[in-house]
Enquirer: 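Handing you a structure now.
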Amino acid sequence: MIEILTERLTLRPLTTDDLEWISAFRGDADVMRYIGSTGPMTPDQSRERLDRYVACWAERGLGMFGVRELDQDAPIGWAGLQPLDGTEEIEVGYAFGKAAWGRGIATEAASAVMRWGFRSLALERIVAVAYPENDASRRVMQKLGMRHEAMRLVHGVESVYYSVTALDFEKHASSANMPLS
Ligand SMILES: CC(C)(COP(=O)(O)OP(=O)(O)OC[C@H]1O[C@@H](n2cnc3c(N)ncnc32)[C@H](O)[C@@H]1OP(=O)(O)O)[C@@H](O)C(=O)NCCC(=O)NCCS
């Protein structure tokens, strides 16, 4: 199984073993405020979503990782790559429990995932979407070297749509001294 290590984090593909913590995080209104359109999820909805993540790994060879701090067993959130809402584009996504916010964790995890996508999967471009009012996520996208391109309807929600090419990401990563694995 692939494992990505960064300065502070270890990332491993989500499996069915991750149901308990992911249900707790997906049931948290603060974590879910700007994710999808359902709000906090019930345990059944979380199970169904986790099944989709696991299937994505099996079918596409990419997906969401559980993210842990190096010296901790308990996951602090998830980050990874997945097809964007029925398109051929690959989006980067991330979400963390509140205790992890404000420490650069999302940027560190997402940049490592994107470097893996560009270098190991040879992706040419990665996109990201967010609710327009999700300023923290938009700031993460900027710090990842992504540019706002347009508005897009994603899962029925009018969303900001950012993208970056492999070349621009590598340039940005070296100029911004981005934390990579
Ligand atoms: C969005 C989220 C992933 C950010 O995680 P994080 O680990 O705190 O992100 P980072 O620390 O790497 O970067 C956050 C940046 O946004 C800034 N920020 C945080 N809250 C902000 C706000 N309300 N307005 C503007 N900027 C904000 C931070 O200052 C930081 O920028 P800086 O490094 O220039 O100071 C986290 O808040 C989260 O998990 N939210 C719930 C799930 C979610 O919304 N996921 C994204 C869906 S698109």
Side-chain angles (χ1 to χ4, degrees), residues 4-11 14 18 21-41 45-46 49-50 52-53 56 62-70 72 74-87 89-117 126-164 169 172-173 175-181:
I4 298 177
L5 293 177
T6 73
E7 204 177 307
R8 293 179 290 175
L9 307 171
T10 175
L11 283 69
L14 290 176
D18 293 303
W21 71 266
I22 215 163
S23 295
F25 280 25
R26 284 194 168 270
D28 182 320
D30 290 320
V31 175
M32 295 302 289
R33 175 161 299 128
Y34 302 125
I35 296 184
S37 50
T38 56
M41 286 187 166
Q45 287 171 321
S46 295
R49 182 56 55 94
L50 181 60
R52 273 202 259 157
Y53 287 154
C56 183
L62 50 75
M64 288 295 160
F65 296 83
V67 180
R68 292 170 173 78
E69 296 196 66
L70 288 183
Q72 303 285 329
I76 55 173
W78 67 91
L81 301 174
Q82 63 184 2
L84 173 67
D85 190 18
T87 73
E89 307 224 66
I90 299 299
E91 70 163 325
V92 61
Y94 38 78
F96 292 88
K98 277 173 287 182
W101 295 2
R103 297 167 45 211
I105 296 285
T107 306
E108 184 168 327
S111 61
V113 158
M114 289 169 73
R115 189 173 78 158
W116 170 71
I126 293 175
V127 304
V129 294
Y131 277 52
E133 62 271 34
N134 192 349
D135 291 320
S137 183
R138 296 182 68 165
R139 177 74 189 126
V140 171
M141 291 170 195
Q142 277 175 5
K143 291 197 292 178
L144 294 169
M146 306 186 96
R147 292 214 184 109
H148 183 229
E149 272 190 30
M151 300 298 290
R152 280 264 183 113
L153 204 59
V154 181
H155 300 297
V157 177
E158 192 68 6
S159 305
V160 291
Y161 170 84
Y162 284 67
S163 73
V164 67
F169 176 77
H172 176 80
S175 71
N177 205 11
M178 195 187 271
L180 292 170
S181 50

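Each ligand, and each atom within it, is numbered from 1 in the order the structure gives. These figures come from a predicted structure and were not determined experimentally. Along the sequence shown, residues are numbered consecutively beginning with 1. What's counted below: heavy atoms across the whole structure, side chains too, no hydrogens, waters or symmetry copies.
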Enquirer: For residues L70 and L5, determine if any side-chain heavy atom of one lies less than 4.5 Å from a side-chain heavy atom of the other.
Expert: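 L70 reaches L5 side chain to side chain.
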Enquirer: Below 30° counts as parallel, above 60° as perpendicular, anything between as tilted: where do the rings of W78 and Y53 land?
Expert: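 Correct class here is tilted.
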Enquirer: Considering non-hydrogen atoms of the protein only, which is the closest contact for atom 48 (S) of ligand 1, and what is the distance?
Expert: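 Ranking protein heavy atoms by distance from atom 48 (S) of ligand 1, first comes S137 OG, 3.2 Å.
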Enquirer: Which protein non-hydrogen atom lies closest to atom 19 (C) of ligand 1, naming both residue and atom, and how far is it?
Expert: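 The protein heavy atom lying closest is A136 CB, 3.5 Å.
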Enquirer: Are the side chains of K98 and D28 in contact, using a 4.5 Å heavy-atom criterion?
Expert: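 In short, these two side chains touch, coming nearer than 4.5 Å.
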Enquirer: State plainly whether the residues D18 and R26 are in salt-bridge range, i.e. N to O under 4.0 Å.
Expert: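 No salt bridge links D18 with R26.
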Enquirer: Please work out whether any backbone atom (N, CA, C, O) or any side-chain heavy atom from C-beta onward of I35 is under 4.0 Å from ligand 1, and answer side chain, backbone, both or neither.
Expert: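 Only the side chain of I35 comes within reach of ligand 1.
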Enquirer: Which of the numbered atoms in ligand 1 are under 4.0 angstrom from any heavy atom belonging to D135?
Expert: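 Answer, ordered by atom number: 22 (C), 24 (N), 25 (C).
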Enquirer: Would G104 count as a polar contact of ligand 1, with the cut-off being nitrogen or oxygen pairs under 3.5 Å?
Expert: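 So ligand 1 has an N or O lying under 3.5 Å from an N or O of G104.
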Enquirer: Do any nitrogen or oxygen atoms of F96 lie less than 3.5 angstrom from nitrogen or oxygen atoms of ligand 1?
Expert: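 So ligand 1 has an N or O lying under 3.5 Å from an N or O of F96.
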Enquirer: Write out the residue and atom name of the closest protein heavy atom to atom 8 (O) of ligand 1, then the distance separating them to 0.1 Å.
Expert: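 Here the closest protein heavy atom is G102 N, 2.7 Å.
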Enquirer: Side chains of L84 and R152: closer than 4.5 Å at any heavy-atom pair?
Expert: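 L84 reaches R152 side chain to side chain.
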Enquirer: Which of these, V140, V154, N134, has its nearest heavy atom closest to atom 47 (C) of ligand 1?
Expert: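 Closest candidate by heavy-atom distance is N134.
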Enquirer: Using a strict 4.0 Å cut-off to heavy atoms of R139, name the atoms of ligand 1 that fall inside it.
Expert: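 Those of ligand 1 that fall under 4.0 Å from R139 are 15 (C), 16 (O), 17 (C), 30 (C), 31 (O), 32 (P), 34 (O).
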Enquirer: Judged on heavy-atom distance to atom 36 (C) of ligand 1, which of F25, Y94, W101 sits nearest?
Expert: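 Closest candidate by heavy-atom distance is W101.
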Enquirer: Who's closest to atom 12 (O) of ligand 1 heavy-atom-wise, of T107, V129, V31, V92?
Expert: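 Of the listed residues, T107 has the closest heavy atom.
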Enquirer: Can you check whether I35 reaches F25 side chain to side chain, under 4.5 Å on heavy atoms?
Expert: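 A side-chain contact is absent here, since even the closest heavy-atom pair is not under 4.5 Å.
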Enquirer: Going from OH on Y94 to CD on E108, what distance comes out if it is rounded to the nearest 0.5 angstrom?
Expert: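 The CD atom of E108 is 14.5 Å from OH of Y94, to the nearest 0.5 Å.
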Enquirer: For atom 28 (C) of ligand 1, is the nearest protein heavy atom closer than 4.0 Å?
Expert: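 No, because not a single protein heavy atom sits under 4.0 Å from atom 28 (C) of ligand 1.
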Enquirer: Short check: is a protein heavy atom less than 4.0 Å from atom 10 (P) of ligand 1?
Expert: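 It does: a protein heavy atom is found less than 4.0 Å away from atom 10 (P) of ligand 1.
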Enquirer: Could you say whether the N/O atoms of A106 and ligand 1 ever approach to under 3.5 Å?
Expert: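 N/O-N/O distance below 3.5 Å exists for this pair.
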Enquirer: Mind checking whether K143 has a heavy atom under 4.0 Å from ligand 1?
Expert: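 Per 4.0 Å heavy-atom rule, K143 contacts ligand 1.
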Enquirer: Closer than 4.0 Å to some heavy atom of R103 - which atoms of ligand 1 meet that?
Expert: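 Taking each heavy atom of R103 in turn, ligand 1 has 11 (O) under 4.0 Å.
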Enquirer: Does any N or O of ligand 1 fall below 3.5 Å from an N or O anywhere on M141, backbone included?
Expert: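 No; every N/O pair is 3.5 Å or more apart.
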Enquirer: Check the pair M64, L50 against side chain to side chain contact (heavy atoms under 4.5 Å, CB included), reporting the backbone distance first and the verdict last.
Expert: CA-CA 9 Å; M64 288 295 160; L50 181 60; over 6 Å; no
Enquirer: Which of the numbered atoms in ligand 1 are below 4.0 angstrom from a heavy atom of I105?
Expert: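 Here the atoms of ligand 1 in question are 7 (O), 12 (O).
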Enquirer: State whether the number of non-hydrogen atoms from other residues, nucleotides or ligands found under 6.0 Å of R147 atom CZ is greater than 12.
Expert: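 Counting other residues, nucleotides and ligands, CZ of R147 stays at 12 neighbours or fewer.
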Enquirer: Drop me the distance from N134's CG to M141's CE, to the nearest 0.5 angstrom.
Expert: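 Result: 7.0 Å between the selected atoms.
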Enquirer: Going by ring pair (Phe, Tyr, Trp, His ring centres under 6.0 Å), name the pairs with one or both residues in residues 128-152, residues two or more places apart or in two chains.
Expert: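 Qualifying pairs, neighbours excluded: Y34-Y131, H148-Y162.
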